[in-house]
Amino acid sequence: MSSLDLALSRQYNTPMSLAVVILAAGKSTRMKSALTKVLHPVAGRPLITYPLAAAKVLRPDRIALVVGQGQRAEIEPALNGTRVRWVIQREQLGTGHAVLASYPALRGFSGPVLILAGDVPGLQSATLKDFVATCAASGAPGGVLTVEMADPTGYGRIVRNGTPHISHIVEERDLPPSAVTIREVNTGILCCESAWLFRALKKIERQNTQQEYYLTDLAKVAAEEGHPLIAIKTEDAAACQGVNSRAELAEVNRLMRRRIVEQWMDAGVGFVDPGQVYIDADVVIGEDTVIGPGVMLKGRTQIGARCRIDAGAVIMDSAVADDVVIKPYSVIEGSQIGVACQVGPFARLRPETRLEADVRIGNFVETKKSVLKKGAKANHLTYLGDATIGERTNVGCGTITCNYDGKKKHPTIIGEDVFIGSDTQFVAPVRIGKGAVTGAGSVITDDVPAGALAVARGRQVNVKNWAKKRKR
Ligand code: UD1
Ligand code: MG
């Protein structure tokens, strides 16, 4: 066999016992950010959650997560309860040093150790599974997952002499002229037998440009011992993209977006322009829904079936039921939208908005912590805060709930079948009974009984011939 190809190795299953070490302690200098690199978002989820999720699918005996001093508190909330063995690498002396730091966390374990880079989110569990199996079956002390890159800049280059075996790996900053043309690179993913790994790591030195202990020097150690590591090539170069800079973060986000959109198209979701939507990893979308260009679906948003989400709509952490139309440039956050509602264009639904079925919200309407019951309508230029709007009630243009007295918020409760005249202001707390009507331009400060007409505005005075007199 001239090369150990992943495709040839599918017959092997993942060995029963496996340990995973995820490296996330790097200083992330190239990101130029106060935020730890592995917490930067990729499709709405922190970077670190990707290698972690891929590792979990392999059902390892344990996962060791290597972080820097003080990073645990910052990173732990991002793990959503996933149990890991925390490894604190006090000084960032390189990837080899980082794996060595995980030795106490792996004490008592014997078997293959899969090493994942916390900054390579695109690798899928199937690839990792095949990789681990191929390494285990190879007889070598370990293997390196490699890939051909059109532009290998920034990656460690694999030096092998026409065999599946690696003689050594050279890092970008130590690149000799002889290695400049090599396009096969280290993905940062390795798998080694635990006993050999920790013995070999102790042999690694830091004679290189960065004066770091390079994990990649394991290849040289193995070759010198006469049992070289094997290079196992994967085809999907895009999936191996590491995140070291803002540009690479954007690149990886693009890859993930494409994957997400393809997954939803396979599930029956339509896209006007699949390249122009931003859908987070945790979003769920129903069949026959059509998503327009420039739409952002963020966080834990759920969209039902047969919806239309038009151009430029931004929906965050919201639940949208079936047959809903969200018209262009509406911004919806932390809201629930019932069956067959129509929202927008240019509507803004703020947290704790709940629309029951068949509600209409039109242009330049803002809602916050409000409920609109079945069939209610607020079609133009309105602010509803801390409000309850009854079934079939019509909220006229320019209605405002004055819910804040400068210190506290107060409720406005409007019954069913109410007709609210344009430009009504409700000075909360206030209640409007069922079937009541308010006159246009009213400032409502007192409760209105059911069925009543409330008019609260200055009376009109017409002064006869006033205009003519003024001219004189
Ligand atoms: C590394 C590899 C390179 C490979 C590339 C793939 C080495 C020496 N180089 O380079 O061959 O092509 O990944 O993406 O391994 N980390 C620690 N502690 C440290 C240093 C790093 O935990 O002291 C972590 C980082 O947080 C990161 C990972 O290890 O998640 C890789 O480190 P990084 O500095 O990004 O290495 P690269 O330059 O990308
Ligand atoms: Mg990196």
Side-chain angles (χ1 to χ4, degrees), residues 20-31 33 35-40 42 46-52 55 64-69 71-72 74-75 84 86-102 105 115-123 142 144-149 151-159 166 168-175 179 182-190 192 201 204-221 229 231 233-234 237-249 251-252:
V20 177
V21 177
I22 304 179
L23 305 184
K27 283 179 292 204
S28 330
T29 36
R30 288 166 281 179
M31 290 295 286
S33 170
L35 184 68
T36 306
K37 173 164 77 177
V38 296
L39 292 180
H40 278 265
V42 171
L47 189 46
I48 189 66
T49 60
Y50 291 89
L52 199 63
L65 181 56
V66 185
V67 299
Q69 181 84 46
Q71 282 181 330
R72 176 175 170 173
E74 206 185 341
I75 293 174
V84 297
W86 291 93
V87 175
I88 311 297
Q89 186 194 16
R90 284 177 214 289
E91 254 188 297
Q92 277 61 66
L93 300 180
T95 47
H97 181 258
V99 176
L100 196 54
S102 73
I115 301 162
L116 301 179
D119 65 346
V120 181
L123 280 164
V144 179
L145 187 67
T146 70
V147 72
E148 298 266 348
M149 288 220 175
D151 176 10
T153 310
Y155 292 89
R157 316 291 210 280
I158 304 294
V159 182
I166 303 176
H168 59 282
I169 300 175
V170 281
E171 289 304 309
E172 174 82 29
R173 295 188 219 213
D174 309 294
L175 211 60
I182 297 176
R183 291 200 301 160
E184 184 181 12
V185 304
N186 169 26
T187 60
I189 313 303
L190 283 82
C192 301
L201 279 172
I204 288 178
E205 290 167 5
R206 53 200 288 203
Q207 259 86 31
N208 51 56
T209 317
Q210 300 194 81
Q211 301 211 309
E212 285 186 355
Y213 295 97
Y214 288 165
L215 182 62
T216 44
D217 280 350
L218 281 179
K220 198 171 69 184
V221 173
L229 301 184
K233 222 188 258 182
T234 170
C240 300
Q241 170 83 55
V243 176
N244 300 297
S245 61
R246 302 278 182 167
E248 286 172 342
L249 180 67
E251 190 81 9
V252 159

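Counting convention: from 1, in listed order, for ligands and their atoms alike.
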The answer for which part of Lys27 has a heavy atom under 4.0 Å from ligand 1 is neither

State the CD1-SG distance between Ile115 and Cys192, to the nearest 0.5 angstrom. 5.0 Å

Residue-ligand contact His97/ligand 1, heavy atom below 4.0 Å: no

Gln92: numbered ligand 1 atoms lying under 4.0 Å from its heavy atoms: 23 (O)

What do the steps show when you test Gln69 against Arg90 for side chain to side chain donor-acceptor pair (under 3.5 Å), and what is the final call? CA-CA 5 Å; Gln69 181 84 46; Arg90 284 177 214 289; 2.9 Å; yes

With a 4.0 Å cut-off on heavy atoms, is Lys37 in contact with ligand 1? yes

Which distance, rounded to the nearest 0.5 Å, do you find between the CD of Glu91 and the NZ of Lys27? 8.5 Å

Measuring from non-hydrogen atoms of Leu93 to any atom of ligand 1, is the shortest distance under 4.0 Å? yes

Which residue supplies the protein heavy atom nearest to atom 22 (O) of ligand 1, what is that atom called, and how far is it? Ala25 N, 2.8 Å

Could you tell me, atom by atom, which parts of ligand 1 come under 4.0 Å of a heavy atom of Gly94? 18 (N), 19 (C), 20 (C), 23 (O)

Tell me, do Leu229 and Leu218 make a side-chain contact under 4.5 Å, heavy atoms counted? yes

Which residue, Val147, Ile166, Val185, forms the side-chain contact (heavy atoms from CB on, under 4.5 Å) with Ile158? Ile166

Residue and atom name of the nearest protein heavy atom (relative to atom 10 (O) of ligand 1), distance in Å to one decimal: Glu171 OE1, 4.1 Å

Per atom 12 (O) of ligand 1, closest listed option by heavy atom (Thr146, Asn186, Thr36): Asn186

Nearest protein heavy atom to atom 1 (C) of ligand 1: under 4.0 Å? no

Specify the protein heavy atom at minimum distance from atom 30 (O) of ligand 1: its residue, its atom name, and the distance to 0.1 Å. Leu23 O, 2.8 Å

Near the Mg ion (ligand 2) (under 2.8 Å) - protein N, O or S atoms: Asp119 OD2, Asn244 OD1

For Ile169 and ligand 1, answer yes if some heavy atom of the residue is under 4.0 Å from a ligand atom, otherwise no. no

Protein heavy atom at shortest distance from atom 18 (N) of ligand 1: Gln89 OE1, 2.7 Å

Show the numbers, then the answer: is there a side-chain contact (heavy atoms from CB on, under 4.5 Å) between Leu249 and Met31? CA-CA 9 Å; Leu249 180 67; Met31 290 295 286; 4.0 Å; yes

Which of the atoms in ligand 1, numbered in the order shown and given with their element, are less than 4.0 Å from a heavy-atom of Tyr155? 6 (C), 12 (O), 14 (O)

Atom 39 (O) of ligand 1: nearest protein contact (heavy atom, Å): Asn244 OD1, 3.2 Å

Between ligand 1 and Val66, is the shortest N or O to N or O distance under 3.5 Å? no

Who gets closest to atom 7 (C) of ligand 1 by heavy atom: Thr187, Thr95, Val38, Leu145? Thr95

Measuring only between side-chain heavy atoms, which start at C-beta, is Thr216 closer than 4.5 Å to Thr95? no

Would you say Glu172 and Thr153 are linked by a side-chain donor-acceptor pair, where the criterion is simply a distance under 3.5 Å? no

Please report the interatomic distance OG1(Thr146) to CG(Asn186), rounded to the nearest 0.5 Å. 8.5 Å

Is it true that Glu184 and Arg157 make a salt bridge, defined as a side-chain N closer than 4.0 Å to a carboxylate O? no

Residues Gln89, His97; criterion side chain to side chain donor-acceptor pair (under 3.5 Å); working and verdict: CA-CA 8 Å; Gln89 186 194 16; His97 181 258; 2.8 Å; yes

Atom indices of ligand 1 within 4.0 angstrom of Thr216 heavy atoms, with elements: 7 (C), 8 (C), 11 (O), 15 (O)

Answer whether the closest heavy-atom distance between the side chains of Leu93 and Arg206 falls below 4.5 Å. yes

Top protein contact for atom 16 (N) of ligand 1, by heavy-atom distance: Gly26 N, 3.5 Å

Return the NE2 to CG distance between His40 and Leu47, rounded to the nearest 0.5 Å. 9.0 Å

What is the distance from atom CG of Leu65 to atom CD of Gln71, rounded to the nearest 0.5 Å? 9.5 Å

So, does Arg30 sit close enough to ligand 1 that a heavy atom of it is under 4.0 Å from the ligand? yes

Any heavy atom of Ala98 under 4.0 Å from ligand 1? The part involved is side chain

Once you round to the nearest 0.5 Å, how far does OH of Tyr214 lie from CG of Asn208? 3.5 Å

Is there a donor-acceptor pair under 3.5 Å between the side chain of Lys37 and the backbone N or O of Val243? yes

State whether the shortest distance between N or O atoms of Gly156 and N or O atoms of ligand 1 falls below 3.5 angstrom. yes

Between Leu145 and Leu190, is any pair of side-chain heavy atoms under 4.5 Å apart? no

Taking atom 13 (O) of ligand 1 as the reference point, the nearest protein heavy atom with its distance: Gly188 CA, 4.4 Å

